[in-house]
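So the structure is just underneath, and the comments pick up after that.
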Amino acid sequence: MTEPTAAPQPAASLPSPAPAALPSTPPPGPGAPILEAHDLAKRYAVGDNVVEALRGVSLTVAPGEFVAFMGPSGSGKSTLLQLLGGLDRPTAGRVVLEGRDISALTDAEATRLRRERTGFVFQFFNLIPVLDVRENVALPFTIAGLDPTRGETRERVQAAIDTVELTGRERNRPDQLSAGEQQRVAIARALVTRPALLLADEPTGNLDFATGSEVLEVLHRSCHERGQTIVLVTHDAKAAAYADRVFVFDDGRVRDEIVLGRRMDHAAAPLISRLAQLGL
Ligand SMILES: Nc1ncnc2c1ncn2[C@@H]1O[C@H](COP(=O)(O)OP(=O)(O)OP(=O)(O)O)[C@@H](O)[C@H]1O
Ligand SMILES: [Mg+2]
């Protein structure tokens, strides 16, 4: 694996009015993974039917690393992303984020961890149509009861907008932006709290190739220049080729792990030929 070039972002230091305090844990030591999945299983019961969405997944992600998840539809990628981000709980196994076992948190603690330490981006941008770019990006602060129009929060909102190259578009509403620009607003909103982990589920699934590439460039830059740790779910080998490492899933298990290393050209040919060897 290629070493990331930038240190990870410091933990958000802004006050939060959320009620539950997270239990304090010693900070992870040097070289420690930022994210660990230990033997994760997830079983869904719908009526009499039981689906084994995950059947024992273990992996680690280093600080500042860009990891992609690929695999056929139904192989458990989104389920895993939700467990890693604390949106759902495993049936068995553990998720450790920044040295803290998030599977053991109370609901209030898990909500707080999600808000402060993870950012999510989805295929559909989920922007609020009546809010402009600045207000959409500021939403995590507004929800936390902070005033995003002054002080450090205001600076962070502007920095996130600058990172996704939407400077000058602050007053546009979503319907006054292209699809790629709307997804970049969603990325800025996910990055504004400076999360430990950015989780993106098919963020280019609704975009054409050129627009999707702009979104991937933004993700890659936040990783390469600012040390943002990213987990990307994608069907598209050209998108996965932006990652340092690709996990291939099949039927709720890790089928293969492909190390690409940090590359600036994002050539997909090595990944595509490896996937072809696997018969994918
Ligand atoms: N909330 C749920 N209730 C019941 N079954 C579910 C639920 N979520 C997912 N599943 C099932 O778990 C399995 C894994 O689903 P998941 O969404 O993780 O797959 P995926 O790899 O993300 O697929 P895709 O590429 O189509 O998005 C599938 O069989 C799916 O039907
Ligand atoms: Mg999915």
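Counting starts at 1 for both ligands and their atoms, in listed order.
At a cut-off of 3.5 Å, with distance as the only test, no side-chain donor of S58 or D39 sits close to an acceptor on the other residue. A donor-acceptor contact under 3.5 angstrom links the side chains of Q158 and E170, judged on distance only. Side chain to side chain, D250 and S75 fail the donor-acceptor criterion of an N or O pair below 3.5 Å.
Note on the Mg ion (ligand 2): protein N/O/S atoms under 2.8 Å are S78 OG.
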With side-chain hydrogen bond (donor to acceptor under 3.5 Å, both in side chains) as the test, would you mind laying out the steps for S103 and D101 before giving the verdict?
-> CA-CA 6 Å; S103 333; D101 183 348; 3.1 Å; yes
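Separation of the Y242 and F66 ring centroids does not fall under the 6.0 Å cut-off.
By the 4.0 Å N-to-carboxylate-O rule, R274 lies too far from E257 to be salt-bridged with it.
Heavy atoms from other residues, nucleotides or ligands lying under 6.0 Å from CZ of R89 number more than 12.
Using a 30° and 60° split on the angle between ring planes, F120 and F122 fall in the parallel class, below 30°.
Counting heavy atoms from C-beta outward, T204 and Q123 have side chains that stay 4.5 Å or more apart.
Within 4.0 Å of ligand 1, contacts by protein heavy atoms are made from Y44, V46, V51, A53, P72, S73, G74, S75, G76, K77, S78, T79, H235.
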